[in-house]
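A quick write-up on the structure given underneath.
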Amino acid sequence: MSRDVYTAMSGAQATWKELEVLANNVANSNTTGFRAGRVAFSVTGEGEGPLGATTTTIDGVELSKAQGTLKPSDDNGHLALEGQGFFTVQAGDETLLTRDGRFSVSADGRLVDGAGNPVLSEGGPIQLEVGEDFVVDRDGLVRGSVSGELGKLKVAFAERLEAAGGNHYRALSDLQTSNDYGVFQRYLEGSNTDPMRSMVELVEASRYFEACQKAIQASDELDQRANRSGGR
Amino acid sequence: MKALYTAATGMNAQQTRLDNIANNLANVNTTAYKKQSAAFEDLFYEEVESNGGPEAQKVQVGGGVKLASTNRDFSGGALVKTSSALDFAIEGEGFFALETVEGEARYSRDGSFRTDSDGVLVNSQGLRVAGDISVPEEHNGLVLKEDGTLAALSIDGSGEEILGQLELVRFTNPGGLEALGGNLYMQSEASGDPQVLELGTTTNVRQYYLEGSNVDIASELIGMIEAQRAYELTSKVVQAADENLQTAVNLRR
């Protein structure tokens, strides 16, 4: 076997993974606040792969920072973020990030996310009086109709993130406060999966996969010929 | 193979969304119907080994999408004029408090009331309206006051008889109410306890009116287009995954 078979195989494997990431992006094209993943490939140096082949691998899945469409909502608890950063929520003893602003007031008067986690302001969870209405301004300052200022929503980001499922993200590096954002009440941010881009990536992934197949077959053919000439 | 299943979750999600839209559109003329929307979230992620080193972004491959919840939107519908003195519409937040025969509390925004054979004020399904309001057999018209008091004008025109007061309640989290169908809702742990509403400030009750459905046909149709196209898009991914599999299988000629 020639080592170029392994080069072609690594390309096919990486593309296969890319297709899985693409499938997840497209499946979530209507998920509120979803961040599409983008695969980054890299090439290993010569001699590092099997039989010393050069191979393609996936380096990481980068979360797209593109803005999702803001869609108007009739719900007072729905918030959308424009710009950099995520809303922060308290899930057990860890802080999670989310762009999904489907918030509501729980039965005990706390502002919570769709999973019931308290939404964090810079001073902790936001507690409302019974029957109290609230407004949120562009800077994320929450004002109650009875209590007045209740705190400024904590909008943060991190360089390295991990998707935690349930529209939540976990910070793997230090949380940094965002200064470049706007909060829109009665709006929800749609998924940032770009359908056009997804289709192009899909075509690209399919064709690249085919090309890898051809390369494997071509290498196979060369081996076949070599075998034949050796046997004569 | 994972891509096939991931894409299938997406197709399922869009189907659920379409089901929801169909239900909303079917109720476009239902008195006091509150539209529902399906909310989705991404499924768990699988981590794949990478060459990126400890500082690089992780290689995470998601498993698709799932239905997170269906949310009911309690914003008001348009008020529709009627000719019945026992038709009431709530302007603002709140619910009419009703009672079943067993004495359990039910809540509804549908104020198309009538009287039963004993003259007691009931809703269209025969549930009693809270506040024990009885309408006398003979009267010269019914008047609803600003604070929700219902009064009957006497036949001889000498005055009026107070029949009782409509009881309205609000919930901290109305989205948490349990929908029972028939325009009825029940209190749940998520909704919190009912709080009695004082009429005349943010909430008013209008006599001779009914609240229409709050379904907005245009936005439902846009949702339908979105769902349909997203469905198509995911089906293309299924196709692509299938083709890739075929290509892989054909490696060995």
Side-chain angles (χ1 to χ4, degrees), chain A residues 12 15-17 19-32 34 37 39-40 42 44 57-63 73-75 77 100 102 104-109 114-115 128 130-131 160-168 172 195 198-199 202-203 205-206 209-210 213 216-217, chain B residues 2-4 6-11 13-14 17 39-45 48 50-52 55-65 68-69 71 73-75 170-173 175-176 189-193 195 214 226-227 229-230 233-234 236-237 240-241 243-244 247-248 250-251 253:
Chain A
T15 321
W16 194 267
K17 277 282 170 259
L19 186 69
E20 287 175 3
V21 173
L22 262 173
N24 188 49
N25 291 347
V26 168
N28 283 292
S29 58
N30 269 326
T31 304
T32 312
F34 177 76
V39 174
S42 74
T44 58
T57 56
I58 293 183
D59 246 1
V61 179
E62 196 102 25
L63 294 176
S73 151
D74 293 322
D75 197 314
D100 177 3
R102 285 179 296 119
S104 61
V105 180
S106 69
D108 56 1
L128 291 111
V130 171
R160 291 181 64 231
L161 290 172
E162 171 185 73
N167 296 348
H168 290 114
L172 297 177
S198 300
M199 280 318 285
L202 196 60
V203 171
S206 305
F209 191 83
E210 263 180 43
Q213 179 221 15
I216 293 172
Q217 284 176 345
Chain B
K2 189 185 163 104
L4 282 174
T6 307
T9 64
M11 291 169 81
Q14 300 316 327
R17 189 160 179 222
F40 300 102
E41 52 187 40
D42 47 0
L43 275 168
F44 59 90
Y45 284 73
V48 181
S50 88
N51 274 6
E55 285 305 308
Q57 298 289 349
K58 284 192 174 177
V59 182
Q60 288 186 299
V61 183
V65 62
S69 61
N71 302 325
D73 178 344
F74 280 96
S75 60
R170 73 177 293 281
F171 292 89
T172 305
N173 180 20
E189 223 167 90
S191 69
D193 291 329
Q195 302 141 23
N214 73 346
E226 264 186 354
R229 292 293 168 234
L233 200 59
T234 17
K236 293 283 181 206
V237 176
E243 275 166 28
N244 271 10
T247 308
N250 287 337
L251 267 176
R253 283 167 302 183

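Heavy atoms of A:L19 lying under 4.5 Å from chain B belong to its backbone as well as its side chain. When heavy atoms are compared at a cutoff of 4.5 Å, B:E189 approaches chain A solely by way of its backbone atoms N, CA, C and O. Using a 4.5 Å cut-off between heavy atoms, B:A248 contacts chain A through both its backbone and its side chain. Interface remark: B:T247 contributes backbone and side-chain atoms alike to the contact with chain A (heavy atom separation under 4.5 Å). A:S29 touches chain B through its side chain: at least one heavy atom from C-beta onward sits under 4.5 Å away, while N, CA, C and O do not. No part of A:L63 comes within reach of chain B, as not one of its non-hydrogen atoms sits under 4.5 angstrom from that chain.
Looking only at heavy-atom pairs under 4.5 Å with chain A, the residue among B:E41, B:R229, B:R170 that has the most is B:E41. For the set B:L4, B:V65, B:N214, the entry with the most heavy-atom pairs within less than 4.5 Å of chain A is B:V65. Ranked by heavy-atom pairs under 4.5 Å with chain B, the list A:S206, A:A205, A:S198 is led by A:S206. Most heavy-atom pairs under 4.5 Å with chain B, from the set A:V105, A:I216, A:N30, A:D74: that is A:N30. Note on B:G64, B:A13, B:A39: by heavy-atom pairs under 4.5 Å with chain A, the leading option is B:G64. Your options are B:D73, B:L43, B:L251, and the one with the most heavy-atom pairs under 4.5 Å with chain A is B:L251. Annotation: maximal heavy-atom pairing with chain A below 4.5 Å, among B:D193, B:V61, B:N71, occurs at B:V61. Comparing B:A241, B:A240, B:A230 by how many heavy-atom pairs each has under 4.5 Å with chain A, the most go to B:A240. Comparing A:H168, A:M199, A:E210 by heavy-atom pairs within less than 4.5 Å of chain B, the highest count is held by A:M199.
A:N24 approaches B:Y45 most closely through the heavy-atom pair ND2-OH, 3.4 Å. B:A7 and A:A23 make their closest contact through N-CB, 4.2 Å (heavy atoms, listed as atom of the first residue, atom of the second, distance). The two atoms that bring B:T9 and A:A27 nearest to each other are OG1-CB, 4.0 Å, heavy atoms only. Closest approach of B:S191 to A:A107, counting heavy atoms only: C-CB, 4.1 Å. Of all heavy-atom pairs spanning A:E20 and B:A3, the tightest one is CG-N, 3.8 Å. The shortest heavy-atom contact between B:K58 and A:L172 is CE-CD1, 3.8 Å.
For the atom pair CD of B:Q60 and CD of A:E162, the computed distance is 5.0 Å after rounding to the nearest 0.5 Å. To the nearest 0.5 angstrom, A:N25 atom CG is 12.0 Å from B:T234 atom OG1. Rounding to the nearest 0.5 angstrom, the gap separating the CG atom in A:L202 from the CG atom in B:L233 is 8.0 Å.
In this structure, B:N173 contributes its side chain and A:D108 its backbone to no donor-acceptor pair below 3.5 Å.
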Does the side-chain hydrogen bond (donor to acceptor under 3.5 Å, both in side chains) test come out yes or no for A:Q213 and B:N250, once each step is laid out?
CA-CA 9 Å; A:Q213 179 221 15; B:N250 287 337; over 6 Å; no
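Shown here is B:K2, whose NZ atom has more than 12 heavy atoms of other residues, nucleotides or ligands within 6.0 Å.
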